[in-house]
Asks: 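Could you have a look at this structure, given as structure tokens, before my questions?
Each ligand, and each atom within it, is numbered from 1 in the order the structure gives. Treat the numbers as computed from the prediction; the structure is a model and nothing was measured.
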Amino acid sequence: MQAVMNSFRETLANARHVLILTGSGVSAESGIPTFRGPGGFWRKYQATSLATPEAFAANPSLVWEFYEYRRALVKKVHPNEAHRAIAEFQERLAKKNRRVTIVTQNIDELHQVAGAKNVLELHGSLFRTRCTKCKIKETNHGIPICPALAGDISAEPNFVSSNIPLDELPRCSVQSCKGLLRPDIVWFGEGLDSDILDKTSEAVETCDACLIVGTSSIVYPAAMFAPQVAQRGVPVAEFNLETTPATREFQYHFEGPCTVTIPDALADPAAAASEED
Ligand code: BJW
Ligand code: ZN
């Protein structure tokens, strides 16, 4: 295992542009549940079933309760060793005129809190809203986002929706609009932001090493980026607790918690050498 890790580190040492793709597994050890598997439920609902435009149209109160619960949770947790190692790696390479592009499926902003720059958020952010009427996007870190969503929101399986009236849910700050706000998040069946997709494609086409961290690689289009890099003959390393449907397409697979494997892979070779002196 260590010989394989050394081989991947050698690849990184020679790379000019590294692409790092992350999924919910990178935040799992910070205390944010992943989507699939035992933690993927909120109340009696599969989390992914609430992340749809249909769920929001049917019950906007329930979907806002789900997102407010997660906004409050994320505000209580901290980036972990994997987030920090990724941010430090990006900063270290930038000083040498080398580039690290971070593309995440996560909506928790923990990469940015750890210090990462220019993070491409494929699926949006918990801390942005979009007006359903005038479409304006706004940053919003307020907890609660509106008075009706104040207090501890229960995740208990038998808890029923508070059925907050529409006019008490988050509303647009533009006086002449006052439309219903929704989280600025890409739900199933919705298209991804074209500017973010263009920037991601550019990184997929030009990187000379790639890491894919903590994702089940089953949600498209995110699931196709690392295989596309591998198809160009570029080394790709997967970091996960288990194998995924994409594992066999990659040159490297490092199994284990990413708070251990990522700091190991991205450690500064110069610091390691000076420790040996
Ligand atoms: C650890 C760890 C540790 C844990 N260390 N590892 C082509 C083919 C088939 C279907 C489609 C297709 N193109 C589009 C679709 C439809 C759909 C889709 O992909 N469906 C699949 C389920 C099949 N895609 C879309 O609808 C996308 N839109 C789109 O493509 O528009 C055009 C279009 C539409 C329809 C048809 C065709 C074209 C939009 C996708 C939006 C995804 N949104 C969500 C919700 C975001 C908001 C929210 O959070 O509420 O994004 S769904 C959810 O899944 C979330 C995640 O970002 C995403 C990925 O999940 P992730 O991060 O991989 O989490 P998990 O739980 O699956 O995996 C965690 C992994 O971590 C596991 O492997 C663990 O082992 C590992 N792990 N702890 C290391 N400590
Ligand atoms: Zn508006």
Side-chain angles (χ1 to χ4, degrees), residues 21-42 45-56 63-64 66-71 73-74 80-83 85 103-109 121-138 170-194 196-197 211-226 237-247 253-263 265:
L21 298 155
T22 68
S24 61
V26 79
S27 297
E29 293 170 78
S30 289
I32 311 284
T34 58
F35 287 89
R36 294 160 187 92
F41 277 82
W42 182 78
Y45 307 98
Q46 185 100 51
T48 47
S49 75
L50 296 175
T52 67
E54 292 78 17
F56 187 66
V63 173
W64 262 119
F66 172 57
Y67 281 99
E68 183 64 16
Y69 174 85
R70 293 166 71 208
R71 286 161 60 93
L73 174 67
V74 168
N80 62 45
E81 290 304 318
H83 296 109
V103 178
T104 188
Q105 296 172 76
N106 299 345
I107 58 171
D108 56 28
E109 299 192 0
E121 295 173 314
L122 289 173
H123 294 162
S125 167
L126 276 173
F127 301 104
R128 277 197 314 269
T129 58
R130 195 187 329 152
C131 178
T132 57
K133 206 166 145 194
C134 73
K135 313 296 175 206
I136 198 166
K137 291 184 183 189
E138 283 184 326
R171 307 298 302 196
C172 183
S173 60
V174 177
Q175 282 305 321
S176 55
C177 178
K178 290 275 165 208
L180 177 66
L181 297 181
R182 57 165 279 178
D184 185 27
I185 282 171
V186 183
W187 287 328
F188 277 116
E190 296 186 321
L192 281 68
D193 182 283
S194 59
I196 289 175
L197 277 179
L211 292 80
I212 175 150
V213 190
T215 173
S216 56
S217 285
I218 63 170
V219 174
Y220 284 82
M224 68 188 190
F225 299 135
E238 181 179 54
F239 296 78
N240 203 301
L241 293 179
E242 57 193 25
T243 56
T244 71
T247 302
H253 172 80
F254 297 107
E255 207 152 302
C258 61
T259 54
V260 175
T261 54
I262 287 289

Asks: Looking only at protein heavy atoms, which one is nearest to atom 45 (C) of ligand 1, and how far off is it?
Replies: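 Protein heavy atom at minimum distance: A51 CB, 3.8 Å.
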Asks: To the nearest 0.1 Å, how far is atom 49 (O) of ligand 1 from its closest protein heavy atom, and which atom is that?
Replies: R70 NH2, 2.7 Å
Asks: Will you find, in the side chains of T104 and E121, an N or O donor that is under 3.5 Å from an N or O acceptor?
Replies: no
Asks: Taking NZ, NE, NH1 and NH2 as the nitrogens, is one of them in R171 or E138 under 4.0 Å from a carboxylate oxygen of the other?
Replies: no
Asks: Does the protein put a heavy atom under 4.0 Å from atom 70 (C) of ligand 1?
Replies: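 Protein heavy atoms within 4.0 Å of atom 70 (C) of ligand 1 - there is at least one.
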Asks: Are any of the N or O atoms of I107 closer than 3.5 Å to those of ligand 1?
Replies: no
Asks: Are any of the N/O atoms in Y220 less than 3.5 Å from those in ligand 1?
Replies: yes
Asks: For atom 77 (N) of ligand 1, what is the nearest protein heavy atom, given as residue, atom name and distance?
Replies: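 Atom 77 (N) of ligand 1 sits closest to the protein heavy atom G25 CA, 3.6 Å.
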Asks: About how large, to 10 degrees, is the angle SG of C131, then the Zn ion (ligand 2), then SG of C134?
Replies: 110°
Asks: Just go through P257, A222, S216 and tell me whose heavy atom is the nearest to atom 67 (O) of ligand 1.
Replies: S216
Asks: Does any N or O of ligand 1 fall below 3.5 Å from an N or O anywhere on H123, backbone included?
Replies: yes
Asks: Are any of the N or O atoms of G23 closer than 3.5 Å to those of ligand 1?
Replies: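 N/O-N/O distance below 3.5 Å does not exist for this pair.
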Asks: Just to the nearest 10 degrees, tell me the angle at the Zn ion (ligand 2) spanned by C172 SG and C177 SG.
Replies: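 Rounding to the nearest 10 degrees gives 110°.
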Asks: Could you identify the single nearest non-hydrogen protein atom to atom 35 (C) of ligand 1 and state the distance to 0.1 Å?
Replies: G189 CA, 4.1 Å
Asks: Just to confirm my output: which protein heavy-atom neighbour is closest to atom 59 (C) of ligand 1, and how far is it?
Replies: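 Going atom by atom, the protein heavy atom closest to atom 59 (C) of ligand 1 ends up being Q105 OE1, 3.1 Å.
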Asks: So for ligand 1, is N106 a polar contact partner (N or O within less than 3.5 Å, distance only)?
Replies: no
Asks: In terms of atom number and element, which parts of ligand 1 are under 4.0 angstrom from non-hydrogen atoms of G214?
Replies: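 With G214 as reference, the close atoms of ligand 1 come out as 6 (N), 69 (C), 70 (C), 71 (O).
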Asks: With heavy-atom distances below 4.0 Å as the criterion, list the atoms of ligand 1 near T215.
Replies: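 Per the distance check, 61 (P), 63 (O), 70 (C), 71 (O), 73 (O).
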Asks: Which of the atoms in ligand 1, numbered in the order shown and given with their element, are less than 4.0 Å from a heavy-atom of Y67?
Replies: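 Taking each heavy atom of Y67 in turn, ligand 1 has 47 (C), 48 (C), 50 (O) under 4.0 Å.
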Asks: Against heavy atoms of E242, which atoms of ligand 1 measure under 4.0 Å?
Replies: 75 (O)
Asks: For atom 74 (C) of ligand 1, is some protein heavy-atom partner under 4.0 Å away?
Replies: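 Yes.
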Asks: In the structure I gave you, are the side-chain heavy atoms of L73 and P33 within less than 4.5 Å of one another anywhere?
Replies: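 Of all side-chain heavy-atom pairs linking P33 with L73, at least one is under 4.5 Å.
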Asks: With a cut-off of 4.0 Å, which atoms of ligand 1 are near a heavy atom of I185?
Replies: 46 (C), 47 (C)
Asks: Which residue owns the protein heavy atom closest to atom 17 (C) of ligand 1, what's the atom, and how far is it?
Replies: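 Checking every protein heavy atom, the shortest distance to atom 17 (C) of ligand 1 gives F188 CD2, 3.7 Å.
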Asks: Ignoring angles and geometry beyond distance, decide whether S24 reaches within less than 3.5 Å of ligand 1 through its nitrogen or oxygen atoms.
Replies: yes
Asks: For atom 76 (C) of ligand 1, what's the nearest protein heavy atom and its distance?
Replies: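 The closest heavy atom on the protein side is N240 OD1, 3.3 Å.
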Asks: Is any side-chain heavy atom of L50 closer than 4.5 Å to a side-chain heavy atom of F56?
Replies: no
Asks: List ligand 1 atoms under 4.0 Å from E190, heavy atoms only on the residue side.
Replies: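 Listed by number with element: 27 (C), 28 (N), 29 (C), 31 (O), 39 (C).
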Asks: Any nitrogen or oxygen of T48, side chain or backbone, less than 3.5 Å from one on ligand 1?
Replies: no
Asks: When only distance counts, is A28 in polar contact with ligand 1, meaning an N/O pair under 3.5 Å?
Replies: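 A28 vs ligand 1: no N/O contact under 3.5 Å.
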Asks: Report the nearest protein non-hydrogen atom to atom 41 (C) of ligand 1: residue, atom name, distance rounded to 0.1 Å.
Replies: V186 O, 3.3 Å
Asks: Would you mind listing which atoms of ligand 1 come within a distance below 4.0 Å of any non-hydrogen atom of P221?
Replies: 30 (O)
